[in-house]
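Down below is the structure, laid out as structure tokens.
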Amino acid sequence: MKNIGYYNGEIGAIDELKIPMIDRAVYFGDGIYDVVHAVNKKIFAIDEHIDRFYKSCELLNIPFNMDKSELKAIIGDMVKKEDSKSQLIYWQISRGSALRNHAFPENIKPNLLIMVRDCPLKDMKNIRYSLILVEDTRFFHCNIKTLNLIPSVMASEKAAKAGCQEAVFHRGDYVTECAHSNIAILKDGVFKTAPLNNLILPGVTRAHLIELCNNLGISVFEEAFTVGELMNSDEVIVCSSGALCMGVDKIDGKPVGGKDTKLLKKLQDAYEEKFVSVCGSMF
């Protein structure tokens, strides 16, 4: 079966499954989510994503008591049931179903939703992104992978209308992250990315790139950088589970990057090797 879903144990076609109107995800966005990719039925970095998922549950006080190994097994079973070679796996937990009331209801059980669909990885070696800059007006809990994504949705729509693939958020003069990715720069052989705090998501791919840099002897600075540094960097890197290590050639229509393609390719080659070691191939 192509493109299948799961809701509290019920499995079926994504467009046929239903959720109750009183699921708190519907009217409050009261829940969290995560996303991974699988190729050849092999899920890449599943343990890191599950760990982050449970951390987000903890930060939002969602009492999701399923054991990590059980959730991993359910997701793995869904991947086996879906027929695509390259899959995107999305799962979320809402606080549960209850009549609308802002305060947390007592004694309700969280609702688990999983979707698996056909989705090829982006070709990081043969594509470069175009970006736009957007003032970051999100709240101060960006480290939680919450369902409340309206600012990111609006920024992504603005980017799409501009013919771009991503939007770069900045708070004043300082870059934070993208609408649905982390961002880093290369300058004078150094990999620089914003520090982990409540203003950015602790991206799994971001962590992988830092690990690869350390293995390759590339210096890493986890510190804030400005829009000016972004525009004048040797390379701009957008990183996410789908894009992996994507180079950038334009921001707000102005050329960027392209000054250290050798180092960028070195990182991309290392990431491809890491991915293939788990999944067997990328496409």
Side chains of E82 and K2: does their closest heavy-atom pair fall under 4.5 Å? yes

Below 4.0 angstrom, N of the basic side chain to O of the carboxylate: do D34 and K145 qualify? no

Starting from V190 and following side-chain heavy-atom contacts under 4.5 Å between hydrophobic residues (I, L, V, M, F, W, Y), which residues can be reached? F221

Would V204 end up clustered with Y54 when hydrophobic side chains under 4.5 Å apart are linked, directly or stepwise? no

Between L244 and T205, what is the shortest heavy-atom contact and its length? O-CG2, 3.4 Å

I'd like to know if K68 and D47 make a salt bridge, using a cut-off of under 4.0 Å between side-chain N and carboxylate O. no

Give me the atom names and distance for the closest heavy-atom approach of P202 to L196. CA-CD2, 3.6 Å

Please walk me through it: do H49 and F44 pass ring pair (Phe, Tyr, Trp, His ring centres under 6.0 Å)? CA-CA 9 Å; H49 284 271; F44 185 70; 8.2 Å; no

State, yes or no, whether a side-chain contact exists between E166 and V248 at a heavy-atom distance under 4.5 Å. no

Linking Ile, Leu, Val, Met, Phe, Trp and Tyr by side-chain heavy atoms under 4.5 Å, what else ends up with V134? I132, F169

Do you know which two heavy atoms are closest between S240 and H180, and how far apart they sit? CB-O, 3.9 Å

Side chains of R206 and E177, heavy atoms from C-beta outward: is any pair under 4.5 Å? no

Nearest 0.5 Å please: distance from the CD1 atom of I127 over to the NZ atom of K125. 13.5 Å

Exactly one of L88, I4, I89 clears side-chain contact (heavy atoms from CB on, under 4.5 Å) with R117, and that residue is L88

Distance-minimising heavy-atom pair for M282 and L121: O-CD1, 3.4 Å

Are the charged groups of R128 and D249 less than 4.0 angstrom apart, N to O? no

Roughly how far apart are I74 CD1 and I114 CD1, rounded to 0.5 Å? 5.5 Å

SB check D77 K81 (cutoff 4.0 Å): yes

Taken to the nearest 0.5 Å, the spacing of S56 OG from N143 CG works out to 7.5 Å

Connected-component partners of F104 among ILVMFWY, side-chain separation under 4.5 Å: none

Closest heavy-atom pair, A184 versus T193, reported as atoms and distance to 0.1 Å, is CB-CB, 3.9 Å

